[in-house]
S.K.: 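Got a structure here, written out as structure tokens. Questions coming.
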Amino acid sequence: MPKNSKVTLAPSKEAVTESVADLLALEQPMDYKSSQMSMGLSPGGAAPGKGLLPSPDADGDDGRPSWNNKLEYILAQVGFSVGLGNVWRFPYLCQKNGGGAYLVPYFILLILIGIPLFFLELAVGQRIRRGSIGVWNYVYPQLGGIGVSSLMVCGFVGLYYNVIIGWSIFYFFQSFQFPLPWAECPMRRNGSLAIMEPECEKSSATTYFWYRQTLNITSSIDDTGGLNWRMTLSLLGAWIIVCMAVVKGIQSSGKVMYFSSLFPYVVLLCFLVRGLLLKGATDGIAHMFTPKLEKMLEPQVWREAATQVFFALGLGFGGVIAFSSYNKRDNNCHFDAALVSVINFVTSILATLVVFAVLGFKANVMNEKCVVENAEKILGYLNQGVLSRELIPPHINFSHLTSEDYSEMYGVIKSVTEEDFPQLGLDACLLADELNKAVQGTGLAFIAFTEAMTHFPASPFWSVMFFFMLINLGLGSMIGTMTGITTPILDAFKIRKEILCVVCCIIAFFLGLLFVQRSGNYFVAMFDDYSAGLPLTIVVFLENISVAWIYGTERFMQDLQDMLGFRPYSFYFYMWKFVSPAILVVLIVATVIEMAVSPAGYNAWIEAEGTERFMNYPPWALGMAYALILAALLPLPIVFIARRFNLLSDGSNKLSVSYRKGMMKDISNLEEQDEQRFILGKGPNEAPSPSPAHRPYLGPGGAQEMTNTSYGTSTKTGYQNIGSPESQL
């Protein structure tokens with residue numbers, strides 16, 4: 001012993017032993033409430049051995065952002081699911097597929113596949129607290145390509161969806177003038193004469209403004225025509241808005257949702273009240289909801305209803321899972337699924353009422369115009385002696401001619417001049433014919449609805465409101481789409497979300513230049529038809545199979561009971577297990593058959609004729625369309641084969657930040673305990689297990705006890721290592 005060392009004598013060994021023993025008796029070996037390794041307690045403090053979830057209190061310590069409140073989360077899900085399709089796709093399908101009768105198959109399929117699959121995505125996202133890639137890596141690593149395919153589809157859809165927001169921005173700023181620039185056809189100078197633009201005269205003022213002054217479109221997809229600089233600036237503005245909304249993750253997008261999700265409802269209600277006060281609004285609504293029951297027997301109606309339910313809720317995109325992953329694990333996602341689905345359905349009905357109230361007004365205006373034009377033709381024939389004045393009923397006054405009077409006069413002339421009638425060139429001017437003109441997508445928003453607003457009093461105000469609504473509807477969906485892209489990447493890589501969001505938006509803008517060429521509208525149609533439909537249906541089918549058949553529906557139901565505090569209805573068991581997969585298989589087969597039977601092409605705008613004409617895709621464009629499907633689906637077999645033959649890590653050994661923190665804390669606790677036991681004269685092997693013996697871990701079925709013998713090794717469950725809290729779905 002060194003000379004200068006000092007020895008401090010302790011009290012007797014028995015005293016030391018008694019003192020340390022007293023301390024150890026009062027100290028818990030591990031804080032199971034706050035530890036990320038907890039495996040035996042349910043969120044609500046259920047009996048030992050019953051629960052599979054960490055304590056809810058642990059959610060706030062795992063470093064993952066969370067919603068400030070439940071309202072922000074609900075508005076985010078509503079903003080993502082309620083998009084442009086509710087305004088311009090659902091009303092078109094209603095009109096095409098039997099009016100009010102279409103609501104029956106739509107509602108049935110919403111119950112059978114919409115709500116159950118939406119609930120499934122909410123549950124797995126909330127339970128595992130990861131984006132789409134992380135979730136399906138944990139559920140079944142060999143099907144981890146599901147998340148990659150979702151991300152690919154999100155990327156494709158985001159590219160062209162933001163172009164539509166750019167178009168809306170352009171129309172929004174063009175609306176601040178009176179009269180509206182699409183209210184009348186422009187005049188062209190021909191020497192001293194002013195003549196109407198021929199292309200506009202052959203079509204209409206709103207159609208001309210859309211195709212020529214907005215898109216400046218070419219006559220085929222082969223002719224790119226160069227960039228349209230006005231649409232390029234509009235696209236840049238759209239990506240700047242999206243980037244600002246998502247740059248801080250849910251901390252910024254949650255605040256944006258307060259406005260972008262609620263404002264469209266204010267506009268829709270204002271339009272509904274204004275529309276109902278317009279002449280002909282009730283005609284449009286009555287035409288819309290008059291059921292054509294025979295349509296319900298057509299398989300095509302059910303297929304289109306299933307497709308609309310599928311896309312209306314945003315299934316398969318990854319945005320639903322990403323938003324849900326920021327919830328606490330004990331959040332009632334069953335209630336959220338039902339609430340958001342009902343809001344989505346009611347919004348579609350509300351938008352349909354608005355659209356057909358306005359289109360009913362437009363149909364009356366166009367019908368009156370038709371009556372005036374044809375009455376002038378009849379007067380000309382009367383003055384020329386082509387028609388006898390005896391054919392005109394005596395009570396008809398040409399200066400105050402109603403639609404009913406014209407119909408009566410038209411019927412008399414047609415019955416008398418049977419053979420010569422076609423040469424007269426008279427139109428029937430039936431209101432039903434105007435109402436039956438089916439328009440959807442951009443044709444509804446930028447042509448039909450826009451034309452109707454030119455007849456409104458104070459038309460610029462209503463135009464500003466309408467296109468501002470479209471911007472907000474699109475923004476809500478784009479926030480969900482971008483979250484579906486960035487969340488899986490942030491989960492997998494250590495990168496600042498601000499940098500990731502900015503980089504993604506910059507790359508997307510440059511890729512989006514494809515859609516702001518003069519031929520860009522044709523590429524928007526291509527991406528809309530091919531990039532999402534079939535791939536997303538297959539993705540959701542595999543999601544359903546991986547949970548219901550690979551992991552096990554009964555185990556999943558038990559997990560939900562532990563997470564929610566109650567067992568969901570048995571209805572969901574049968575939907576997930578049998579009904580939803582069967583419907584999705586039928587939908588996939590029907591989609592493939594339709595793609596094989598229907599000619600692959602696009603509607604080209606022919607400038608010389610002032611009308612659209614269907615044209616087949618050239619070989620290079622057809623190859624590009626099928627390449628979109630292939631690119632979206634390719635991750636599925638690649639990941640499956642790579643993990644089947646151990647060429648790629650299964651992803652289950654990637655520990656989350658929260659898990660690593662918990663692991664380090666547990667190791668530190670064990671080291672301290674070993675030191676204390678050394679003081680007591682006990683070896684580490686004599687130490688009791690840090691996990692209480694009376695708290696066994698039960699498998700997801702609740703029947704098989706599963707043990708974790710040490711912290712250095714772990715036992716596989718249906719998802720991944722039970723040592724990781726994210727693995728216990």
Side-chain angles (χ1 to χ4, degrees), residues 83-84 86-88 91 161-187 197 200 203-217 228-242 245 259-260 262-275 277-278 281 351 354-355 357-359 361-362 365-366 439-478 515-516 520-521 524:
L84 297 173
N86 296 75
V87 174
W88 65 37
Y161 203 88
N162 219 28
V163 174
I164 301 174
I165 299 179
W167 294 339
S168 302
I169 292 173
F170 176 75
Y171 267 76
F172 172 75
F173 285 107
Q174 290 292 315
S175 299
F176 288 95
Q177 50 187 305
F178 183 82
L180 291 171
W182 51 82
E184 297 177 353
C185 284
M187 305 302 291
E197 184 69 40
C200 185
S203 54
S204 68
T206 51
T207 305
Y208 174 82
F209 187 86
W210 167 243
Y211 282 114
R212 186 55 50 213
Q213 296 191 353
T214 301
L215 301 179
N216 195 19
I217 198 166
N228 182 335
W229 68 269
R230 288 189 292 185
M231 293 304 100
T232 303
L233 292 179
S234 298
L235 179 63
L236 178 61
W239 277 114
I240 290 174
I241 293 173
V242 170
F259 184 81
S260 65
L262 294 176
F263 179 74
Y265 289 96
V266 175
V267 177
L268 285 174
L269 289 173
C270 290
F271 264 99
L272 180 61
V273 173
R274 184 68 189 93
L277 298 176
L278 297 171
V354 171
V355 166
V358 173
L359 292 184
F361 164 70
K362 173 180 173 287
V365 171
M366 300 306 294
V439 285
Q440 65 165 323
T442 55
L444 174 63
F446 296 104
I447 298 177
F449 210 89
T450 304
E451 183 176 353
M453 287 188 295
T454 60
H455 302 288
F456 281 21
S459 55
F461 169 78
W462 294 104
S463 183
V464 167
M465 292 281 283
F466 177 71
F467 288 109
F468 195 39
M469 178 191 73
L470 292 187
I471 293 171
N472 281 276
L473 283 173
L475 180 61
S477 296
M478 275 302 300
F515 306 103
V516 291
N521 189 47
V524 170

S.K.: Name all residues meeting the salt bridge (Lys or Arg N to Asp or Glu O under 4.0 Å) criterion together with R274; count only those two or more places apart in sequence or in a different chain, and write none if there are none.
M.R.: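 R274: no salt bridge (Lys or Arg N to Asp or Glu O under 4.0 Å) contacts found.
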S.K.: I471 and S168: which non-hydrogen atoms are nearest, and at how many Å?
M.R.: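 That closest heavy-atom pairing would be CG1-CB, 3.8 Å.
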S.K.: Does CZ belonging to F173 count more than 12 external heavy atoms closer than 6.0 Å?
M.R.: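 Not buried by this count: 12 neighbours or fewer within 6.0 Å.
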S.K.: Might you point out which heavy atoms bring T454 and A183 nearest each other, and give the distance in Å?
M.R.: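 Smallest interatomic distance, heavy atoms only, reads CG2-CA, 4.0 Å.
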S.K.: Sort and list the pairs that fulfil side chain to side chain donor-acceptor pair (under 3.5 Å) and have at least one residue in residues 174-187, not counting sequence neighbours.
M.R.: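 Matches after skipping sequence neighbours: Q174-Q177, S175-S463.
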S.K.: Do F515 and L235 touch side chain to side chain, with heavy atoms closer than 4.5 Å?
M.R.: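 F515 does not reach L235 side chain to side chain.
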S.K.: I'd like to check T214 versus F209 (side-chain heavy atoms, cut-off strictly below 4.5 Å). Are they in contact?
M.R.: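 Yes. Closest side-chain heavy atoms under 4.5 Å.
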S.K.: Taking the six-membered ring for Trp, are F456 and F271 parallel (under 30°), tilted (30 to 60°) or perpendicular (over 60°)?
M.R.: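 Aromatic pair F456/F271 classed tilted.
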S.K.: Which distance, rounded to the nearest 0.5 Å, do you find between the CE of M465 and the SG of C270?
M.R.: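 These two atoms lie 4.5 Å from each other.
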S.K.: I'd like to know if the side chain of N216 and the backbone of Q213 have a donor-acceptor N/O pair within less than 3.5 Å.
M.R.: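 No, N216 side chain to Q213 backbone: no donor-acceptor pair under 3.5 Å.
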S.K.: Hey, does L470 have a side-chain heavy atom less than 4.5 Å from the side chain of W167?
M.R.: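 W167 vs L470: side chains apart.
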S.K.: What heavy-atom pair brings L84 and Y161 nearest, and what distance separates the two atoms?
M.R.: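 Answer, listing the atom of L84 first, then Y161: N-OH, 3.2 Å.
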S.K.: Find out whether V358 and F449 are in side-chain contact, i.e. whether some heavy atom of one side chain is under 4.5 Å from a heavy atom of the other.
M.R.: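 V358 vs F449: side chains touch.
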S.K.: Apply side-chain contact (heavy atoms from CB on, under 4.5 Å) to N162 and W239, showing your working.
M.R.: CA-CA 7 Å; N162 219 28; W239 277 114; 3.0 Å; yes
S.K.: Do L473 and M469 make a side-chain contact, defined as non-hydrogen atoms from C-beta onward lying under 4.5 Å apart?
M.R.: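 Answer yes - side chains close enough.
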S.K.: Output all residues satisfying side chain to side chain donor-acceptor pair (under 3.5 Å) with E197, sequence neighbours left out; order by chain, then residue number.
M.R.: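 E197 satisfies side chain to side chain donor-acceptor pair (under 3.5 Å) with R188 once adjacent residues are dropped.
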S.K.: Could you tell me whether the side chain of I217 reaches within less than 4.5 Å of the side chain of W210, counting heavy atoms only?
M.R.: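 A side-chain contact under 4.5 Å is absent here.
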S.K.: With rounding to the nearest 0.5 angstrom, report the CG to CD1 distance, L236 to I241.
M.R.: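 Rounded to the nearest 0.5 Å, the CG-CD1 separation comes out at 10.0 Å.
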S.K.: F466 and Y171: aromatic ring centres closer than 6.0 Å?
M.R.: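 F466 vs Y171: aromatic centres not under 6.0 Å.
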S.K.: Can you name the closest pair of heavy atoms from V242 and M478 and give their distance?
M.R.: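 Heavy atoms only, the tightest pair is CG2-CB, 4.1 Å.
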S.K.: Is it the case that the side chain of T450 and the backbone of A445 share a donor-acceptor pair, with hydrogens and angles ignored and the cut-off at 3.5 Å?
M.R.: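 Answer holds: yes.
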S.K.: Provide the closest heavy-atom pair for S260 versus P264 in the form atom of the first, atom of the second, distance.
M.R.: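 Where S260 meets P264 most closely, the heavy atoms are O-CD, 3.1 Å.
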S.K.: If you look at every heavy atom in C185 and A205, which pair is closest and at what distance?
M.R.: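 Heavy-atom minimum between the residues: N-CB, 3.8 Å.
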S.K.: Would you confirm whether S234, through its side chain, and R230, through its main-chain N or O, come within 3.5 Å as a donor-acceptor pair?
M.R.: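 Checking the backbone N and O of R230 against the side chain of S234, a donor-acceptor pair under 3.5 Å is found.
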S.K.: Can you find a pair of side-chain heavy atoms, one from F467 and one from F446, that are under 4.5 Å apart?
M.R.: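 Counting from C-beta outward, F467 and F446 do come under 4.5 Å.
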